[in-house]
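Each chain gets a letter, A, B and so on, in the order its sequence line appears, and its residues count up from 1.
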Amino acid sequence: MMNDSEADDGVALALAAWWEANARDLPWRFGRATPWGILVSEVMSQQTQMSRVVPYWTAWMAKWPDARALAGAPKAEVITAWGRLGYPRRALRLQECAQVVTNRYDDELPRTYDELVALPGVGDYTASAVLSFAYGRRVAVLDTNIRRVLSRVFCGQESLGGSASPLEREMAWRLLPEDLPSRRVSRAKGGVAPSVTWNQSIMELGALVCTAKSPLCGQCPLAEWCAFFRAGCPGLGQRRTRPRQRFQGTDRQVRGLVLGALRELPAGETLSRERVEGLWEDRAQLTSCVASLDDDGLIEILPNGSLRLPQ
DNA sequence: GTCCCGCTGC
DNA sequence: GCAGCAGGAC
């Protein structure tokens, strides 16, 4: 009979082997990106699939390789370059973040959780991910993938809705592999600390194998330890949260229409009031959405009622 | 808890 | 069609 510690070691070893063979070759992985580049990849990946992020990240980093470059870019260009990634407020937060990093930290991303999480657009997940993936620090990273995998493997149930509970955080920290003695770290594969590989592999497993609706348990390296699999996957895919708001007809759709029209315009041109009004039938909703885009700093409303991207 | 985008997979 | 996605701000 294995004790918990031996079982955990087995899980970590199986995961690391699976990672070596199956990790996607994303351009910000394997030491090819700066800490700033890694932060950009994390922000772009918030609520957005990695496969969609790759071309945007590559073009973005070619155009603005560091925080200082992004900090000085025209807002309109930043919004345009964000393209169809979605949640365009992330683009503005990222530029604000770049400005703070440039002005307050002399273009060098800070290395503590408190400083990182205080940056615009950086919350608990992104701060932890940067500490782990960019700086190799031993920190628990909790995103939707990791929460789902840990809950299934070690609790035998689907992770529940809402934000991460103290219990989940405690579990994530407890499972995190210890650092090797410093002298041996550099000899490990790629010089990557075990906790970093752990975080990356669990996340990747959640994205590729232990997916929300149809997990591929047949090819899962953790199946022999998985309490969820052993229990017959009770409540598989059970909704964690209340049904999401529909997209059709929502403010999100209308905002997307307006911003999309502005992005299509030649640089510096404005969208006339008439063309704005042609974008959506419901005048009241349209007006409200234009106002909210203005509040967010994503557009500017000119005195004659036409719109443009912020200068 | 609610609101934010756009795309992919089923 | 519709859920779900490397969340964060409010």
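Distances were taken from every side-chain heavy atom of A/T144 (C-beta onward) to each of C/dG4, B/dC4, C/dA6; the shortest belongs to C/dA6. The side chain of A/A212 sits closest to C/dG4 out of C/dA6, C/dG7, C/dG4. Among the nucleotides C/dG4, B/dC4, C/dA6, the one closest to the side chain of A/D251 is B/dC4. Picking from C/dA6, B/dC4, C/dG4 the nucleotide with the shortest atom distance to the side chain of A/Q49 gives C/dG4. In this structure, the nucleotide among B/dG6, C/dG8, C/dA6 sitting nearest to the side chain of A/W28 is C/dA6.
When Watson-Crick and G-U wobble pairs are counted only if both distances are under 3.5 Å, B/dT8 pairs with C/dA3.
Both A/S214 and A/R84 lie close to DNA chain B; mapped to their nearest nucleotides by heavy-atom distance, the more 5′-ward contact belongs to A/R84. Residue A/A207 is the one, among A/A207 and A/V117, whose nearest nucleotide of DNA chain C lies closer to the 5' end (criterion: closest heavy atom). Across the interface with DNA chain B, nearest-nucleotide mapping of A/R89 and A/S51 shows A/R89 to be the residue nearer the 5′ end. Between A/L119 and A/E204, the one whose closest nucleotide on DNA chain C sits nearer the 5' end is A/E204.
Rounded to an integer number of Å, the gap from OH of A/Y87 to C1' of C/dG8 is 10 Å. Atom pair A/W82:CH2 and B/dC4:P shows a separation of 18 Å (rounding to whole Å applied). Going from atom OH of A/Y125 over to atom C1' of C/dG8 covers 13 Å, rounded to whole Å. Rounded to whole Å, the distance from CG on A/L208 to C1' on C/dA6 is 12 Å. When rounded to the nearest whole Å, the span between CH2 of A/W19 and C1' of C/dA6 equals 11 Å. Spacing between atom CG of A/L298 and atom P of B/dC3 amounts to 18 Å, rounded to whole angstrom units. Look at CD on A/Q253: it is 16 Å from P on B/dC3, rounded to the nearest Å. Between the P atom of C/dA6 and the CG atom of A/L85 lies a distance of 14 Å, rounded to the nearest Å.
A salt bridge links A/E77 to A/K63: one of the charged nitrogens lies within less than 4.0 Å of a carboxylate oxygen. Using a cut-off of 4.0 Å between Lys/Arg side-chain N and Asp/Glu carboxylate O, A/R169 and A/D124 are scored as salt-bridged. By the 4.0 Å N-to-carboxylate-O rule, A/E115 lies too far from A/R111 to be salt-bridged with it.
Atom CH2 of A/W82 sits about 11.5 Å away from atom CG of A/L298, to the nearest 0.5 Å.
Each of A/I38, A/V130, A/T112 was scored for a side chain to side chain contact (heavy atoms under 4.5 Å, CB included) with A/Y135, with one residue passing: A/V130.
Contact annotation: A/R52 side-chain N/O to C/dG4 OP1/OP2 distance is not under 4.0 Å. The phosphate of C/dC5 has neither OP1 nor OP2 within less than 4.0 Å of any side-chain N or O from A/Q47. Contact annotation: A/R148 reaches the phosphate of C/dC5 (side-chain N/O to OP1 or OP2, under 4.0 Å). Taking side-chain N and O atoms only, A/T126 has a distance below 4.0 Å to OP1 or OP2 of C/dG8.
Residue-to-nucleotide contacts include a donor-acceptor pair under 3.5 Å from the side chain of A/R29 to the base of C/dA6.
A/V122 comes within 4.0 angstrom of the backbone, heavy atoms only, and of no base. Heavy atoms of A/G86 sit under 4.0 angstrom from at least one base atom.
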Run A/V101 and A/E96 through side chain to side chain contact (heavy atoms under 4.5 Å, CB included) and show every step you take. CA-CA 9 Å; A/V101 170; A/E96 291 166 20; over 6 Å; no
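Using atom P as the reference point in both C/dA6 and B/dG9, the two lie 12 Å apart (nearest Å). Comparing the same atom, P, in C/dG1 and in B/dC4 gives a spacing of 23 Å after rounding to whole Å.
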